[in-house]
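Below: the structure, in structure tokens.
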Amino acid sequence: MKKKRLLVIDDDPLVCQTLGHMAEYTGFEVITTGTNVEFFAQLVLFEPNVIVVDLNMPGQDGVQLIRQLAELNHNAQLVIVSGMEKRVLTAAAQAASELGLRVLGILQKPVPLARLQQLLVLYLNASQKKHSKNTSWENQIDNADWMPAQEDLIHVIENDLLTLHYQPKLDCGTGGLIGFEALARWDVPGKGTVTPDVFVPLAESNHLISLMTLNIARQGIRWLSQIQATPALVDCRQYPGFEQQALTLSLNVTAKCMEDSDLPEQLEELCTEFKVDPACIILEISESSAMDDPVALLETLTRFRIKKFRLSIDDFGTGYSSMLHLVRLPFTEIKIDKDFVGIADSSEEARSVIRCIIDLSKSLGMDTVAEGVETQQTRDFLTQCGCTSFQGYLISKPLGQEKMSEWLRQYCAQARVSRS
Ligand code: C2E
Ligand code: CA
Ligand code: CA
């Protein structure tokens, strides 16, 4: 019979109380603590088998506490709780697991009532031999908090199971189609879809990001070469207002992946293989984690430009992306993040930021793309400001290949009507 002792650390007494009640229903003895001092005292006195840690604590945060637990070689199973986005929770779980701790699961606040209980039942039912590092929390695919494991990701990448969804990108002035952004999806048969905010950080922390990026680039470039040759679309391009250059494809690449010095040659080879002009490929660079080597990034980006690939600074205005990068690095496009675009209709501040980004981008001779455009009002505002292009639910959600073909058929039909 397993011992059932649960220790909680959370500075919010109400959360402590709720989590405590949930655990008691599963037959656990519970002690809740609100400070680190109390926590480490109870760790010794109470000898818990399961620990619930809140990541956001005043003073020392949950990540530091996790590191201390690892230094103590503590073998309790860990449940990580936070009100922050899932990607933060995933990263913390990954770090804990790499430090040798056993992670039972993650819980996003507000914690759904039954979720902690599900995790505790999982803990009680897991066989003893499963208690080796890295197993329990990754075996929870039926659970909404399931996190994929490194092996799952390798399997998915090697067997081409990652799929791409495409979102059309339109010219602000003419409304004509100018290209697409490829967004990766991991479909798990019978379980649903794992979103990139979960598997991209996992790929990064497991050195699988280059392999994943190449796999995605191959799929995307092959698809673009087919689309560029579609007769109906070729026809469309002859209509007034629709006569832009060849359709482009934007691929998401994390800055970390750019440290891989072979990537420019590898993507160039793919372009040659599928007869796509590298000038039609836009690499959207975002920083999902700190870069180890900014000089390597500068070198790789420059080599991409020499090969005529275009470079976009993704999520501009948020997080890591900074002015410094704009000036130092050879970007050709700024992408305004949907966090600003999404509230443009209601926030004067957001509109000011957008105007400022567009002016800045013009003064640097760069294109501007707005993502996350959901209303006609936002689109009109962007057009007035001189934004180059936009994408968003107003036009289409990202669609799988088949649905995208249907969307393109309708687009061509409309273009024909508007011509006549
Ligand atoms: P992102 O590059 O900023 O992508 C935009 C996200 O906004 C996408 O989420 C897209 O589905 C969503 N979106 C598009 N239009 C709208 C809209 O009108 N309203 C709202 N609310 N959202 C909209 P998604 O597909 O979940 O991708 C999330 C992030 O994952 C991406 O952010 C990108 O950073 C990363 N990602 C996606 N695919 C890849 C990939 O192939 N490689 C890498 N390295 N990262 C990827
Ligand atoms: Ca992007
Ligand atoms: Ca974004």
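Atoms within each ligand, like the ligands themselves, are counted from 1 in listed order. It should be emphasised that the depicted structure is a prediction, and the values quoted were computed from it without experimental measurement.
- Contact annotation: for Lys397 versus ligand 1, there are no heavy atoms closer than 4.0 Å.
- Backbone or side-chain N, O or S atoms of Asp339 do not reach the Ca ion (ligand 3) at under 3.0 Å.
- At a threshold of 4.0 Å, the pair Lys109-Asp10 counts as salt-bridged, since one of the basic side-chain nitrogens sits closer than that to a carboxylate oxygen.
- The Ca ion (ligand 3) is closest to atom OD1 of Asp337 (considering only N, O or S atoms).
- When Ser286, Cys257, Pro196 are ranked by how near their heavy atoms come to atom 37 (C) of ligand 1, first place goes to Pro196.
- For ligand 1, the atoms closer than 4.0 angstrom to any heavy atom of Pro398 are 11 (O).
- When every heavy atom of Val198 is checked against every heavy atom of Thr90, the shortest pair comes out as O-CG2, 4.3 Å.
- A salt bridge between Lys338 and Asp315 is absent, with no side-chain N of the basic residue lying under 4.0 Å from a carboxylate O of the acidic one.
- Proximity to Val373 (heavy-atom distance under 4.0 Å) selects the following atoms of ligand 1: 18 (O).
- Nearest heavy-atom pair, Ala76 versus His74, reported as atom, atom and distance to 0.1 Å: N-ND1, 3.2 Å.
- Atom 4 (O) of ligand 1 has its closest protein heavy atom at Leu183 CD2, 3.7 Å.
- Using a 4.0 Å cut-off between charged side-chain N and carboxylate O, Lys403 and Glu406 make no salt bridge.
- Residues Glu268 and Lys308 are not paired through a salt bridge, judged by the lack of any N-O separation under 4.0 Å between the basic side chain and the carboxylate.
- Checking atom 9 (O) of ligand 1 against the protein gives no heavy-atom contact under 4.0 Å.
- Summary of contacts: the protein heavy atom closest to atom 5 (C) of ligand 1 is Glu371 OE1, 3.6 Å.
- At a 4.0 Å cut-off, not a single heavy atom of Lys335 sits close enough to ligand 1 to count as contact.
- Contact annotation: for Gln391 versus ligand 1, there are no heavy atoms closer than 4.0 Å.
- Scanning all protein heavy atoms for the shortest distance to atom 20 (C) of ligand 1 gives Glu374 OE2, 3.2 Å.
- Protein non-hydrogen atoms do reach within 4.0 Å of atom 30 (O) of ligand 1.
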Worksheet item: Could you walk me through whether Ser389 and Asp171 pass the side-chain hydrogen bond (donor to acceptor under 3.5 Å, both in side chains) check?
Response: CA-CA 4 Å; Ser389 59; Asp171 184 284; over 6 Å; no

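- Where the criterion is an N or O separation shorter than 3.5 Å, residue side chain and backbone included, Asp197 fails it with respect to ligand 1.
- The protein non-hydrogen atom at the shortest distance from atom 6 (C) of ligand 1 is Lys338 NZ, 3.7 Å.
- A cation-pi arrangement is found for Lys397 relative to Tyr393, the charged atom lying closer than 6.0 Å to the ring centre and inside a 45° cone about the ring normal.
- For residues 208-229, the ring-ring contact (aromatic ring centres under 6.0 Å, His included) pairs, not counting sequence neighbours, are Tyr166-Trp223, Phe180-Trp223.
- Between Val341 and Gly372, the shortest heavy-atom distance links the atoms CG1-O, 3.7 Å.
- For the pair Arg218 and Glu273, the salt-bridge criterion is met [side-chain N within less than 4.0 Å of a carboxylate O].
- Between Ile80 and Ile66 the shortest heavy-atom distance is CD1-CD1, 3.9 Å.
- Listing protein N, O or S atoms at distances below 3.0 Å from the Ca ion (ligand 2), with waters left out, gives Glu181 OE2, Asn252 OD1, Glu284 OE1, Asp314 OD2.
- Close contacts between ligand 1 and Gly392 involve ligand atoms 15 (N), 18 (O) [criterion: under 4.0 Å to a heavy atom].
- Using a 4.0 Å cut-off between heavy atoms, Thr195 makes no contact with ligand 1 at all.
- Only the side chain of Asp314 comes within 4.0 Å of ligand 1, judged by heavy-atom distances.
- Looking from atom 42 (N) of ligand 1 to the surrounding protein, the closest heavy atom is Asn252 O, 3.2 Å.
- Taking every heavy atom of both residues into account, Ser286 and Asp314 meet most closely at CB-CB, 3.9 Å.
- Of the protein's non-hydrogen atoms, the one nearest atom 16 (C) of ligand 1 is Tyr393 CE2, 3.1 Å.
- Under 4.0 Å is where a charged nitrogen must lie from a carboxylate oxygen, and between Arg310 and Glu333 no such pair does.
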Item to complete: Start with the C-alpha gap between Glu371 and Gln391, add the side-chain angles, then the distance that decides, and say whether side-chain hydrogen bond (donor to acceptor under 3.5 Å, both in side chains) holds.
Response: CA-CA 5 Å; Glu371 67 170 23; Gln391 59 187 78; 5.0 Å; no

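- Put simply, part of Gly372 is less than 4.0 Å from ligand 1, judged by heavy atoms.
- The distance from ligand 1 to the heavy atoms of Asp315 drops below 4.0 Å at these ligand atoms: 3 (O).
- By the 4.0 Å N-to-carboxylate-O rule, Glu204 lies too far from Lys256 to be salt-bridged with it.
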Practice prompt. Show your working on side-chain hydrogen bond (donor to acceptor under 3.5 Å, both in side chains) between Thr213 and Ser210 and close with a plain yes or no.
Written response: CA-CA 5 Å; Thr213 304; Ser210 295; over 6 Å; no

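- Each of the following atoms of ligand 1 lies closer than 4.0 Å to a heavy atom of Gln167: 14 (C), 15 (N).
- Taking all atoms of both residues into account, the shortest heavy-atom contact from Cys385 to Ile358 is O-CG2, 3.3 Å.
- Of all atoms in ligand 1, numbered sequentially from 1 with element shown, those under 4.0 Å from a heavy atom of Ile216 are 41 (O).
- Ranking protein heavy atoms by distance to atom 38 (N) of ligand 1, first place goes to Ala184 N, 3.1 Å.
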